[in-house]
Number of protein chains: 2
Amino acid sequence: MPDSSRQQRRREQTRARLIAAAKNLVAVHGVDGVGLSEITEAADLGAGTFYNYFRSRDDIVEAVVEESIESVGARLDKLTASLSDPAEVFSFSLRHLVRQAVTDPVWGWFVVRLGVAHPKLLAILGPRCARDLRQGVDSGRFTIPDIELATACVFGALLSTLRYTLSRESAAHVEETFAQTMLGMVGVPADEAWDVASRELPDLPGAE
Amino acid sequence: MPDSSRQQRRREQTRARLIAAAKNLVAVHGVDGVGLSEITEAADLGAGTFYNYFRSRDDIVEAVVEESIESVGARLDKLTASLSDPAEVFSFSLRHLVRQAVTDPVWGWFVVRLGVAHPKLLAILGPRCARDLRQGVDSGRFTIPDIELATACVFGALLSTLRYTLSRESAAHVEETFAQTMLGMVGVPADEAWDVASRELPDLPGAE
């Protein structure tokens with residue numbers, strides 16, 4: 001039915017406008033600095049429209065995190081599923097996250113301003129990181145005193161590195177050096193860490 | 001003159017009330033979630049009074065950072081000045097920062113919610129961390145591909161570890177395990193890292 005599909009399409013466009021507005025605003029002001037009225041104003045929509053799509057400010061921010069972080073996480077899963085070296089899996093994932101922030105600074109600042117305290121960000125990236133670290137430990141490639149704490153450290157180091165990268169004119173080699181530093185943290189010797197971190201990075205597969 | 005000293009004392013008390021209110025509020029809501037009216041309300045002071053002490057919300061937050069982070073930094077400098085092993089200097093500093101957050105959760109959440117994006121926090125902790133890392137590299141104790149990036153990683157890992165610690169019932173051994181993990185990151189072999197990280201931690205000297 002053309003009418004209902006047109007309506008559906010319009011609904012999706014409106015939702016996408018709200019999502020984009022919220023993402024842009026959080027990237028500049030942080031979650032707590034953004035109110036509903038700013039989101040609807042930036043999306044050029046009436047205040048009432050918002051509630052047809054989301055329940056609250058936190059609800060739309062969760063949706064932004066879900067759509068913009070989970071999608072990258074899923075593509076990383078696809079890329080690394082066929083790799084056998086846990087050090088390479090870990091390194092490629094970290095490098096792609098840095099590259100994503102450089103390529104799409106709104107995405108990068110959104111993640112940085114969301115910060116280490118946002119539970120949803122950690123809920124999406126944390127389990128993937130812990131899984132990769134565990135594989136490294138199980139295969140004897142990594143030496144980690146506490147995987148959960150190491151995951152927290154990788155997560156914080158990533159966000160801080162994204163901020164560092166986004167604040168600089170040139171981000172040459174940050175990708176590789178960050179991966180090398182994190183491989184060192186999980187117990188890979190310096191020369192091996194550099195060897196792994198400087199391998200050619202395969203492209204991220206497209207979203208489903 | 002007793003009158004002017006009483007006035008001076010009252011002025012200091014009022015300023016301290018504003019500082020405490022701002023610190024508490026930022027610890028719960030983050031910088032961007034706190035407005036001037038909430039600070040003056042929490043301090044039980046008129047809105048006009050605020051401007052006798054601070055120019056803006058960002059100004060008072062800077063003052064909180066200055067007073068509550070710089071003071072810990074200065075005490076850490078005093079503690080570590082006489083130590084000769086850079087690994088011990090680095091480890092003791094990190095452990096005291098974790099301990100400070102556990103002992104004073106408002107301080108801890110203030111740091112966590114300030115987040116990796118706040119320039120003042122990094123301006124106080126960053127140069128001290130970079131100095132300690134450089135000493136470690138110069139003495140041959142640390143192997144670090146890029147000191148500036150490693151500083152960013154330590155900073156982010158610290159904030160994320162504080163959040164991890166503050167969100168848990170029990171934080172047993174987080175101090176030591178975090179120091180061990182960071183020592184591993186800067187290239188100290190696993191057994192040495194544990195040896196250094198588990199040494200008895202001397203108390204922090206009092207503030208000046």
Side-chain angles (χ1 to χ4, degrees), chain A residues 26 28-35 109 111-119 122 126 142-168 171 173-174 176-191 193-194 197, chain B residues 26 28-35 109 111-119 122 126 142-168 171 173-174 176-191 193-194 197:
Chain A
V26 170
V28 176
H29 303 290
V31 177
D32 296 310
V34 177
W109 279 115
V111 171
V112 169
R113 297 238 192 264
L114 220 53
V116 293
H118 202 276
L122 186 59
F142 296 169
T143 311
I144 300 174
D146 181 321
I147 287 183
E148 218 183 331
L149 185 66
T151 297
C153 289
V154 173
F155 180 62
L158 171 69
L159 266 56
S160 186
T161 294
L162 297 189
R163 188 208 136 279
Y164 170 85
T165 308
L166 291 165
S167 313
R168 292 164 73 90
H173 302 302
V174 168
E176 294 89 338
T177 314
F178 175 57
Q180 185 187 1
T181 304
M182 290 297 101
L183 285 166
M185 194 185 88
V186 297
V188 177
D191 52 339
W194 176 243
Chain B
V26 170
V28 176
H29 302 290
V31 178
D32 297 310
V34 177
W109 279 114
V111 171
V112 169
R113 297 239 192 262
L114 220 53
V116 294
H118 202 277
L122 186 58
F142 296 169
T143 310
I144 301 173
D146 181 321
I147 287 183
E148 220 183 330
L149 185 66
T151 297
C153 290
V154 173
F155 180 63
L158 171 69
L159 267 56
S160 185
T161 294
L162 296 190
R163 189 209 134 277
Y164 171 84
T165 308
L166 290 165
S167 313
R168 292 165 71 90
H173 304 302
V174 169
E176 294 89 338
T177 314
F178 175 58
Q180 184 188 4
T181 305
M182 290 297 101
L183 285 166
M185 194 185 88
V186 298
V188 177
D191 50 342
W194 175 243

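Here the structure is a predicted model, which means the values were calculated and not measured.
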Point to revise | B:V34, part contacting chain A, at a heavy-atom distance under 4.5 Å | key: neither

Practice item. Could you pull out the closest heavy-atom pair between A:S160 and B:C153, with the gap in Å? Key: OG-N, 4.5 Å

Check your understanding: Non-hydrogen atoms of chain A under 4.5 Å away: do they reach the side chain of B:I144, the backbone, both or neither?
Key -> neither

Review point. Roughly how far, to the nearest 0.5 Å, is the CG atom of A:D146 from the OG1 atom of B:T181?
Key: 7.0 Å

Study note, to complete from the structure: The residue among A:Q180, A:E176, A:H173 that forms side-chain contact (heavy atoms from CB on, under 4.5 Å) with B:P145 is A:Q180

Point to revise | Considering all heavy atoms, the nearest B:A190-A:T143 contact | key: CB-CG2, 4.3 Å

Review point. Given that the side chain runs from C-beta out, which part of A:L122 has a heavy atom under 4.5 Å from chain B: side chain, backbone, both or neither?
Key: side chain

Exercise for review: Under 4.5 Å heavy-atom distance to chain B, tell me which part of A:V174 shows up: side chain, backbone, both or neither.
Suggested key: both

Check your understanding: What pair of heavy atoms forms the shortest contact from A:G156 to B:V116, and how long is it?
Key -> O-CG1, 4.4 Å

Practice item. Work out which heavy atom in B:R113 is nearest to a heavy atom in A:A117; give both atom names and the distance. Key: NH1-CB, 3.7 Å

Check your understanding: Given that the side chain runs from C-beta out, which part of A:F178 has a heavy atom under 4.5 Å from chain B: side chain, backbone, both or neither?
Key -> both

Review point. Quick one: does A:R168's side chain get under 4.5 Å of B:E148's, heavy atoms only?
Key: yes

